[in-house]
Structure formats: C-alpha cells, structure tokens
> 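The following block contains the structure, expressed as structure tokens.
These numbers come from a predicted model, not from an experiment. First the proteins, then the strands, lettered A, B, ... as listed; each starts at 1.
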2 protein chains.
Amino acid sequence: MTVMETTPTRTDLCGAPPHPHRRPEGEDSYTISEVVAFTGLTAHTLRWYERIGLMPHVDRSHTGQRRYSNRDLDWLDLVGKLRLTGMPVADMVRYAELVREGDHTFGDRFELLEATRRDVLTRIAELQDTLAVLDRKISFYADADGARAYEAEKVR
Amino acid sequence: MTVMETTPTRTDLCGAPPHPHRRPEGEDSYTISEVVAFTGLTAHTLRWYERIGLMPHVDRSHTGQRRYSNRDLDWLDLVGKLRLTGMPVADMVRYAELVREGDHTFGDRFELLEATRRDVLTRIAELQDTLAVLDRKISFYADADGARAYEAEKVR
DNA sequence: TATGGCCTTGGAGTGCACTCCAAGCAAGCG
DNA sequence: CGCTTGCTTGGAGTGCACTCCAAGGCCATA
C-alpha cells in the first residue's frame with residue numbers, strides 16, 4: 001500500500017469529527033511518543049505491532065526513528081476498534097496481509113469484515129442479555145433490605 | 001446473521017425454568033460431566049473455578065465426587081455472563097467472597113453490580129461505534145470494484 | 001563536553017485464564 | 001478378576017497480548 005493520499009480530507013463520510021491533534025497532510029509525521037499520547041498504546045506495543053506485521057510499514061527519519069503518518073493513525077484507530085470486538089491479533093494481522101497483497105484479496109477482505117460484523121452483533125446481543133440479568137439483580141438489591149438482598153443471590 | 005432480538009420470554013422472576021435440562025429441586029444433583037455439557041466449560045475449568053474461590057462450595061457424593069445443584073448452575077450462568085463482559089476472574093472471585101461473607105456486604109455487592117452495569121453499557125457503546133466503522137467499510141467494499149475496494153482502506 | 005531525553009533493537013519476562021498431566025481411586029460389567 | 005469409564009488431586013504447561021530489559025545511538029541545551 002503506501003499509495004499517495006489523494007482525498008483532500010477524511011471527514012468525508014458521516015461527518016467524522018475525529019482527531020483534533022492531527023496535523024494536515026504533508027506535515028503528518030509523528031514520533032512514537034506522540035502516537036503513544038494519541039492512541040493510549042505503549043511504545044512497546046506499537047513496536048510489537050510492527051514486528052508481528054500488524055502495521056503497514058512505518059516511515060523512518062534520517063536517523064532511523066519511526067515517523068507515523070495520518071494513515072498510520074487511521075490504521076491504529078481501526079485496529080483499536082477491532083481489538084474491542086475481541087478479534088485476535090492474529091486475525092488482524094491476516095487482514096493487514098490481505099491489504100498488503102493488493103486488490104486481488106478484495107473478496108477475502110470483504111468476507112472477513114462481514115464475519116467480524118456478525119461477531120460484533122452477537123457480542124452486542126450477549127451484552128444486552130447480560131445487562132438484563134444485571135438490571136434484575138440490581139433491582140432486587142435496590143428494593144431489598146439486607147435479608148432480601150441475600151435472597152437476590154438465589155435467582156439467576 | 002443470527003438475529004437475536006431480545007426475547008421477552010426471559011423475564012423469569014423466580015419462576016419459569018429457563019433450562020430444559022434441569023431437574024426439579026431435591027433431585028438437582030449433577031456430575032461434573034453433566035455440568036460440562038450444560039455450560040460448555042471444561043471439567044478442568046470447573047475444578048479450577050472452585051480452587052480459586054469462584055464457586056460457592058460444591059457438594060460431594062459419598063465417594064468424594066462433585067455434585068452440582070441448580071444453585072450452582074445458576075451461579076455458573078451468572079459467571080458466564082460476567083465473563084462475557086470482560087470482567088476479570090479476580091473481580092468475580094471478589095463478588096463471590098462478598099456473597100459468602102453474608103448480608104453485611106450488601107452495599108459492596110450493590111456497588112459492584114452497578115459498576116459492572118456501567119462497564120457493560122460502555123462496552124455496548126464501543127461495539128456500536130465499531131459496528132458503524134465496519135458498516136462503512138463494508139459498504140465501500142460492497143459498492144466497489146477492486147480499485148475502489150483498495151480506496152476503502154484509506155478511510156477510517 | 002557532558003548531561004538528559006528520546007529513540008533503537010532482540011530477546012526475555014509477565015499476567016491472565018485456562019489446559020493438561022500423571023497417578024490413583026471407585027463403580028459397573030463380563 | 002481384569003477392564004473400562006469417570007472422577008479425584010496438585011502442580012506444571014500453554015497461548016495470548018503485551019511488557020520490560022539491557023545496551024546503545026542521536027542530538028539539543030548548559
């Protein structure tokens with residue numbers, strides 16, 4: 001990848017209101033510690049992501065230090081979101097590989113995204129189910145005196 | 001895609017048996033392998049839960065084998081749900097300890113449940129955010145031929 | 001010139017949540 | 001009786017996702 005960006009702004013769809021700390025295209029060259037500050041990841045983790053093939057080739061300064069671009073930050077945003085879904089890092093690496101391999105992996109990538117989407121829907125449903133259980137327990141506790149609170153432990 | 005609209009049939013307050021495999025009170029004595037079949041956990045994990053204090057004292061047969069009750073199954077259901085929220089096992093152990101300690105931990109338990117509830121809401125929000133990103137990417141892929149699909153990698 | 005800060009590397013270590021192992025006991029069956 | 005099946009135990013091992021370490025390079029300020 002690393003093809004030159006042509007879109008003048010990424011705030012294209014859905015009015016993405018995203019990242020106040022970003023510099024405009026052409027000046028988007030962030031040190032690792034800046035990226036640490038932006039993403040909440042550690043420098044260790046950023047270097048590790050690169051080692052395992054989860055980052056798409058980060059630029060270097062003339063002294064060999066990493067210089068991250070806005071594109072890299074975008075990618076890390078996506079990775080962060082996928083991480084929240086519980087997707088294993090290995091699967092994200094697989095996706096990164098597909099992107100690196102070029103257009104002919106289009107179908108695979110599409111499938112991977114759709115499978116992930118289904119997983120996310122399932123997880124949301126599970127969490128809503130859990131929420132219902134919690135709410136039921138909480139209302140027992142809220143209504144009850146001590147003795148009844150103990151009873152609350154008996155119901156699912 | 002496994003549509004799981006929240007079924008209203010789960011509003012079982014101290015009543016309807018939600019688990020077809022359960023036996024009535026008084027005959028609720030399950031071997032570890034039955035519990036494995038019901039919960040999807042392994043026997044190893046069940047024993048490990050007990051060792052770390054996550055199970056509230058499981059009965060034994062005259063030969064020393066574990067005999068789980070409906071209450072134990074209820075507890076495992078709760079544990080399973082909490083596990084789905086990403087709650088660390090150590091926190092669940094803490095909750096189990098509070099229950100064992102009796103009524104005077106009422107307040108602590110209530111707080112723990114409410115904190116968990118807030119976490120779950122946060123997680124659901126995060127997942128919905130992720131879902132929006134995925135949907136956006138997927139629609140790029142769905143609309144696009146190969147060349148455009150490549151472009152889709154450029155947007156957050 | 002030296003001090004401190006930020007960065008680099010490969011490899012080793014950590015914490016969590018299991019997961020498995022070896023050795024052994026008890027019950028049921030032919 | 002031996003065989004199989006199912007269960008028991010403490011402790012060791014596994015896989016994942018980091019997390020840290022030691023040793024050193026670069027460079028701006030004092």
> By side chain to side chain contact (heavy atoms under 4.5 Å, CB included), which residues pair with Pro56(B), not counting sequence neighbours?
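Per chain and number, Pro56(B) pairs via side chain to side chain contact (heavy atoms under 4.5 Å, CB included) with Asp72(B), Trp75(B).
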> According to salt bridge (charged side-chain N to carboxylate O under 4.0 Å, His left out), does anything in residues 122-131 of chain B pair up with another residue at least two apart or in another chain? List the pairs.
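As it turns out, the salt bridge (charged side-chain N to carboxylate O under 4.0 Å, His left out) pairs with a partner in residues 122-131 of chain B, which skip direct neighbours, are Lys81(A)-Asp129(B).
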> Please list, chain by chain and in numerical order, all residues satisfying salt bridge (Lys or Arg N to Asp or Glu O under 4.0 Å) with Arg94(B), sequence neighbours excluded.
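Arg94(B): salt bridge (Lys or Arg N to Asp or Glu O under 4.0 Å) contacts with Glu97(B).
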> Can you name the closest pair of heavy atoms from Tyr49(B) and Val79(B) and give their distance?
CE2-CG1, 3.9 Å
> Minimum heavy-atom separation for Leu98(B) and Leu112(B), please, with both atom names.
CD1-CD1, 4.1 Å
> Base, sugar-phosphate or nothing for Ser61(A)? Non-hydrogen atoms, less than 4.0 Å.
nothing
> What are the two closest non-hydrogen atoms of Gly53(B) and Ala96(B), and how far apart are they?
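So the two residues come closest at O-CB, 3.7 Å.
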> Going by salt bridge (Lys or Arg N to Asp or Glu O under 4.0 Å), name the residues that satisfy it together with Asp135(A), two or more places apart in sequence or in a different chain.
Arg117(B)
> Can you list everything that forms a salt bridge (Lys or Arg N to Asp or Glu O under 4.0 Å) with Glu34(A)? Sequence neighbours excluded, please.
Arg23(A)
> Checking Ser29(A) now: which residues fulfil side chain to side chain donor-acceptor pair (under 3.5 Å) with it, not counting sequence neighbours?
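For Ser29(A), no residue satisfies side chain to side chain donor-acceptor pair (under 3.5 Å) once neighbours in sequence are set aside.
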> N/O contacts under 3.5 Å, protein versus nucleotides 23-27 of chain D?
| residue | atom | partner | partner atom | Å |
| --- | --- | --- | --- | --- |
| dC27(D) | OP1 | His62(A) | NE2 | 3.4 |

> Name the first nucleotide and the last nucleotide along DNA chain C (5' to 3') that come under 4.0 Å of a heavy atom in chain B.
dA17(C) to dA27(C)
> Are there more than 12 heavy atoms of other residues, nucleotides or ligands under 6.0 Å from atom NE2 of His104(A)?
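Check passes, neighbour count above 12.
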> Residues two or more places apart in sequence or in another chain: which of them pass ring-ring contact (aromatic ring centres under 6.0 Å, His included) with Phe38(B)?
His21(B), Tyr30(B)
> Any salt bridge (charged side-chain N to carboxylate O under 4.0 Å, His left out) involving residues 49-58 of chain B? Give me the pairs, sequence neighbours left out, ordered by first then second residue.
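Non-adjacent pairs meeting salt bridge (charged side-chain N to carboxylate O under 4.0 Å, His left out): Glu50(B)-Arg60(B), Glu50(B)-Arg66(B).
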> Using heavy atoms and a sub-4.0 Å distance, could you list which residues of residues 35-45 of chain B are near DNA chain C? By number, please.
His44(B), Thr45(B)
> Would you classify Thr31(A) as touching base, sugar-phosphate or nothing, given that sugar-phosphate means primed atoms plus P, OP1 and OP2, and contacts are heavy atoms under 4.0 Å?
sugar-phosphate
> I'd like to know if Asp77(B) pairs up with Arg22(B) as an ion pair, taking the criterion as any Lys NZ or Arg NE/NH1/NH2 lying under 4.0 Å from an Asp or Glu carboxylate oxygen.
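Between Arg22(B) and Asp77(B) there is a salt bridge, with a charged N closer than 4.0 Å to a carboxylate O.
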> For DNA chain D, which residues in residues 47-60 of chain B have a heavy atom at a distance below 4.0 Å?
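The answer is Arg47(B), Arg51(B), Arg60(B).
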